[in-house]
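Heads up: the structure comes next, in structure tokens.
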Amino acid sequence: MGLMDGKRGVIFGVANNRSIAWGVAQQLNEAGAELAFTYLNEALEKRVRPLAESLGSKVILPCDVGSDDEIAAVFKELEQQWGTIDFVVHAVAFANRDELKKPFTLTSREGFALAMDISAYSLVAMTRYAQPLMSDGGSIVTMSYLGAMMAVPGYGVMGVAKAALESSVRYLAAELGSQKIRVNAVSAGPIKTLAASGVGNFNEKLHIMETRSPLRRTVSQEEVGKASLYLLSDLASGVTGEVHYVDGGFNISAE
Ligand code: NAD
């Protein structure tokens, strides 16, 4: 019997087969879950649709998380298709590359608001629309990074957005716990993805992980997927409002 047999949920954030969301999707699929996917735009649909179909997914929907209407439309469709859902994976973030290149003090008002909107507020909106479909409880997992709790060079405004995201996780968890809806974050170590290519000194971050993290290596999408599977499954039935680090121990000890 699979850990997620009979469970259904939606994954936001697959762009291609290197996406962290794809690592999570593969683990959920192997554990027996039924999956729906969203894609940002038509260009990405070409990549996401074949991946989703390879896991037997029949619900593949457009969604720009900067729009409440588009988020609402996804959950309306899920309600029509399935009635209820058991989990949501939020693996979405965005900041303009220019904002990450310049000194933090020069972050623009617009760039700050955009990073916060897409990378942090979208979790709040998503949870609001997911809640009515989680009448039997559920689990929501988002993706964070160490830059939420310390000033990581090259991460700038995304670090501020991740701090807001982690705080949102705690407020959402506190509010929804009585409805048996759990909300957690996975804080992943650096992994080469499309989004990561916008982060300053990224190769240096990988090198530091390899040489200074307790495990002396970087982590994989698969490892982030396994930790997410745990948080999304009943194995973590007593866990909510947590930031779960999958970074080879780097956050506790960097030599
Ligand atoms: P990715 O580029 O594969 O995924 C980012 C996703 O965000 C893409 O699918 C993109 O389409 C989506 N997105 C951006 N703007 C959107 C919008 N307006 N509406 C809907 N979707 C939108 O990169 P990834 O590294 O897999 O990123 C997934 C999550 O993991 C992000 O939250 C990222 O910050 C986080 N994370 C990444 C790393 C890393 O090193 N790669 C480390 C820690 C946390």
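Because the structure is a prediction, the values reported are computed rather than measured. Counting starts at 1 for both ligands and their atoms, following the listed order.
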Give a table of atom pairs where an N or O of ligand 1 lies under 3.5 Å from a protein N or O.
from, atom 1, to, atom 2, distance (Å)
ligand 1, 2 (O), Ala195, N, 2.9
ligand 1, 3 (O), Ser19, OG, 2.6
ligand 1, 9 (O), Gly13, O, 2.8
ligand 1, 9 (O), Ala15, N, 3.4
ligand 1, 18 (N), Asp64, OD1, 2.8
ligand 1, 19 (N), Val65, N, 2.8
ligand 1, 23 (O), Thr193, OG1, 3.2
ligand 1, 25 (O), Thr193, OG1, 2.6
ligand 1, 26 (O), Ile20, N, 2.8
ligand 1, 32 (O), Val92, O, 3.4
ligand 1, 32 (O), Lys162, NZ, 2.9
ligand 1, 34 (O), Lys162, NZ, 2.8
ligand 1, 40 (O), Ile191, N, 2.8
ligand 1, 40 (O), Ile191, O, 3.3
ligand 1, 41 (N), Ile191, O, 2.9
ligand 1, 41 (N), Thr193, OG1, 3.2

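Legend: residues meeting ring pair (Phe, Tyr, Trp, His ring centres under 6.0 Å) with Tyr145, ordered by chain and number and at least two apart, are Tyr155.
When all heavy atoms of Val199 and Gly154 are compared, the pair lying nearest together is CG1-O, 3.9 Å. Of all the heavy atoms in Ser19 and Gln221, the pair that sits closest is O-CG, 3.7 Å. Among all heavy-atom pairs drawn from Phe75 and Leu133, the shortest one is O-CD2, 3.5 Å.
When each of Leu231, Thr142, Leu28, Val10 is paired with Val89, the side-chain contact (heavy atoms from CB on, under 4.5 Å) condition holds for Leu28 and for no other.
No more than 12 heavy atoms of other residues, nucleotides or ligands sit less than 6.0 Å from atom CD of Glu42.
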